[in-house]
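Note sheet for the following structure.
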Number of protein chains: 2
Amino acid sequence: MSEEADAVVAGEPPGKRVRADAQRNTDALLTAAAEVFAASGVDAPVRQITAKAGVGAGTLYRHFPQRSDLIAAVYRHEVDACADAAPALAAEHDPLEALTRWLWRFTGFIGTKHGLSTALHSGDPAYAGLPAYFQQRFVPVLRDLLDAAAEAGEVRADVDPYDLLRATANLTRPAQDDQGYTRRMVTLLIDGLRYGARK
Amino acid sequence: MSEEADAVVAGEPPGKRVRADAQRNTDALLTAAAEVFAASGVDAPVRQITAKAGVGAGTLYRHFPQRSDLIAAVYRHEVDACADAAPALAAEHDPLEALTRWLWRFTGFIGTKHGLSTALHSGDPAYAGLPAYFQQRFVPVLRDLLDAAAEAGEVRADVDPYDLLRATANLTRPAQDDQGYTRRMVTLLIDGLRYGARK
DNA sequence: TTGCTAAACGGAACACTGTTCCGTATTGTC
DNA sequence: GACAATACGGAACAGTGTTCCGTTTAGCAA
C-alpha cells in the first residue's frame, strides 16, 4: 500500500501504463513538497516546490489539479512511511524499545505538520478521507507494538492504541520545535504504560 | 472603554488631536472589516474591505500598518460591543432571561470568528494581549449576570464564569452555521445551571 | 534502429493578491 | 481667507496561484 505511485485519483483499472517520466516527476514532486511543507508549512509558494522538484508549474498541476490533492498525497505518503517503519523496528529491537522508538518516529511525523490540522478542517472534500486513513494505518501498527510489549510483560495490556496515539500527538503539538521536551514526555508516557506490567 | 476610536497604537498622551476625517475613516474601516471578516473570514482580500469602506488602500495601511493590527482592532471592537450589551439586557429582562439572551448574543460573537482562532495561534505579537482582553472584558460581565440570577434563586451559585464562557464557546464552534443547534445546546447548559437552584 | 504518435513537459502569460509611494485634497488654525 | 500639516486615494510594484500551448520525450511497431 505504501509502495507504488499515488495516482492522481488513485485507481484506473484500464491497463493504461504510466509513462516513466510521469512517474518520476510525481515522485519528485511528492518528495519536494514534503520537504517544503516541513520547512515552510502547507501554504508555501508553489514555485518553491516545482523548483526543488526540477519541474514546471504545468507538470505539478497535471498531477495534482488542486493544491489540496498534493497536500493529501504528501500526507498519505508520510503516513505510510511512518506506519511502515514499525515492522523494521520490531524486528531489530526488543518490544519495549521498538514501541519507544516508533512513538518517537511518530512524534517526528506530527511535528512536521505545521498548518495541516488547519487545512484538514477547511472542509475541502479532498481531505475527507484523511483522518480515517490516519487511524486505519496507525492503529493496527501501534496495536501490534503494544501487544508485543504486553506479551513480553513490559507494559500493561489495557491501553487503547487510539488513545495513546492521540495523547502522543497532543503531547507533541505545543513543542514541535523542541525534540528534547517531546522525547521526555513520550518517555514519561511509556513509563506510565510500564506501571503495573507483570514483569 | 468601548467608546472612542481605537488609535493605531492606542495611546498617545501628547494632546495631538485626531483629524475628523481620519476618525471617520478609521470607523468606516472597522465597520467594513467586521462585515467582510464575518462573511469571508479574516483572510478576505484587502480591496474588498477598502471598497466597502469607500477608502483607498493607502488609508487602510496608514491606520493599520499590519493586517494583524486591523484584525486585532476589529476583535477588540466586537468584544466591547458584546460585553456592553449585557447591562441593557439586565435592565430589560429578569435575571435568567438576561443571562440566556446574553449567552445567545455571545454565541453570535463566537460564530463569526472564522479562522480567527487560527490567526490567534500564529504567534504574531499583535495578538498577544487579545485572549487576556477577552477574559478581562467578558468574565466580569458574565459574573454579574450569574450573580444576579443566583441571587434571584434562578441558578446555582457555584459556577465559574470563565468555565461557562469556555464551555459555551466550545459548544458553538462545531456548528457555527446552525443557529438552532447552538441555541438548544446553550439552553441545555442553562437548564443545567438551574438544577439545584433554591427556587 | 528508425519513425511515429500519444503523452507529458516547462515556463511564459494571466489574474488576482498585499503593499508602497506620492501628487492631490482636506482639515484645523492663525 | 491663507497656509501648514495631515490625510487621502489609487496607480504602480512585487509576489502569489493557475492556465495555456508550442516543444520534447517515451514507448511502441516496423
Side-chain angles (χ1 to χ4, degrees), chain A residues 5-9 12 14-33 36-37 39-74 115 118-119 122 124 126, chain B residues 5-9 12 14-33 36-37 39-74 115 118-119 122 124 126:
Chain A
D6 315 41
V8 174
V9 190
E12 290 187 34
K16 276 287 178 189
R17 286 203 31 143
V18 186
R19 254 175 62 166
D21 54 346
Q23 179 64 59
R24 206 164 42 234
N25 283 326
T26 300
D27 291 347
L29 279 167
L30 242 27
T31 306
V36 172
F37 287 169
S40 319
V42 293
D43 288 328
V46 166
R47 285 187 230 286
Q48 205 169 318
I49 298 169
T50 56
K52 190 176 279 254
V55 143
T59 302
L60 187 157
Y61 281 92
R62 172 136 10 79
H63 292 306
F64 306 99
Q66 315 268 4
R67 163 171 275 261
S68 53
D69 294 326
L70 176 60
I71 296 174
V74 167
T118 305
S122 67
D124 190 312
Chain B
D6 315 43
V8 174
V9 190
E12 289 186 34
K16 277 286 180 189
R17 285 200 37 139
V18 187
R19 256 174 61 167
D21 54 347
Q23 179 65 58
R24 206 166 42 235
N25 283 325
T26 300
D27 290 348
L29 279 167
L30 243 25
T31 305
V36 172
F37 287 168
S40 318
V42 292
D43 288 328
V46 167
R47 285 186 230 286
Q48 206 169 315
I49 298 169
T50 56
K52 188 175 281 254
V55 141
T59 301
L60 188 157
Y61 280 94
R62 173 137 7 83
H63 293 306
F64 307 99
Q66 315 268 6
R67 162 170 276 259
S68 52
D69 294 327
L70 176 60
I71 296 174
V74 168
T118 305
S122 67
D124 191 311

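Lettering of chains follows the sequences in order, A, B, ..., and the numbering in each one begins at 1. Note that this is a predicted model, so its numbers are computed, not measured.
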How far apart are the closest heavy atoms of B/R67 and B/V46, and which atoms are they?
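Scanning both residues completely, I find the closest heavy atoms to be NH2-CG2, 3.4 Å.
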
Heavy-atom closest contact (B/S40 atom, B/Q48 atom, distance)
OG-NE2, 3.6 Å

Could you give the [atom1]-to-[atom2] distance, from [X] to [N], as a whole number of Å?
X: B/Q23; N: D/dT6; atom1: CD; atom2: P; value: 17 Å
X: B/D21; N: D/dA7; atom1: CG; atom2: P; value: 8 Å
X: B/L60; N: C/dT19; atom1: CG; atom2: P; value: 9 Å
X: B/R24; N: D/dT6; atom1: CZ; atom2: P; value: 18 Å
X: B/R62; N: C/dT20; atom1: CZ; atom2: P; value: 12 Å
X: A/D27; N: C/dA8; atom1: CG; atom2: P; value: 14 Å
X: B/F64; N: C/dT19; atom1: CZ; atom2: P; value: 14 Å
X: B/D43; N: D/dT16; atom1: CG; atom2: P; value: 16 Å

Determine yes or no for a side-chain-to-main-chain donor-acceptor pair under 3.5 angstrom, with [X] supplying the side chain and [Y] the backbone.
X: B/D69; Y: B/Q66; value: yes
X: A/R62; Y: A/A57; value: no
X: A/T26; Y: A/A22; value: yes

Whichever of B/A20 and B/Q66 has its nearest DNA chain C nucleotide further upstream toward 5':
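Of the two residues, B/Q66 wins.
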
State which residues pass side chain to side chain donor-acceptor pair (under 3.5 Å) with B/R19; sequence neighbours excluded, sorted by chain then number.
B/D21

Considering residues at least two apart in sequence or located in another chain, which fulfil the side chain to side chain donor-acceptor pair (under 3.5 Å) criterion with A/S68?
A/D124

Does [X] make a side-chain N or O approach to OP1 or OP2 of [N] shorter than 4.0 Å?
X: B/N25; N: D/dA7; answer: no
X: A/Y61; N: D/dT19; answer: no
X: B/T59; N: D/dA7; answer: no
X: A/H63; N: C/dA8; answer: no

Could you work out which one of D/dA26, D/dA7, C/dG18 sits closest to the side chain of B/R67?
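Nearest to the side chain of B/R67 among the choices is C/dG18.
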
Closest to the side chain of B/R19, out of D/dA7, D/dC8, C/dC9, is D/dA7

Of residues 46-54 of chain B, the positions that come close to DNA chain C - non-hydrogen atoms, cut-off under 4.0 Å:
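Result for residues 46-54 of chain B: B/V46, B/R47, sorted by number.
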
Residue met sooner reading DNA chain D from 5', once A/G58 and A/A44 are mapped to nucleotides:
A/A44

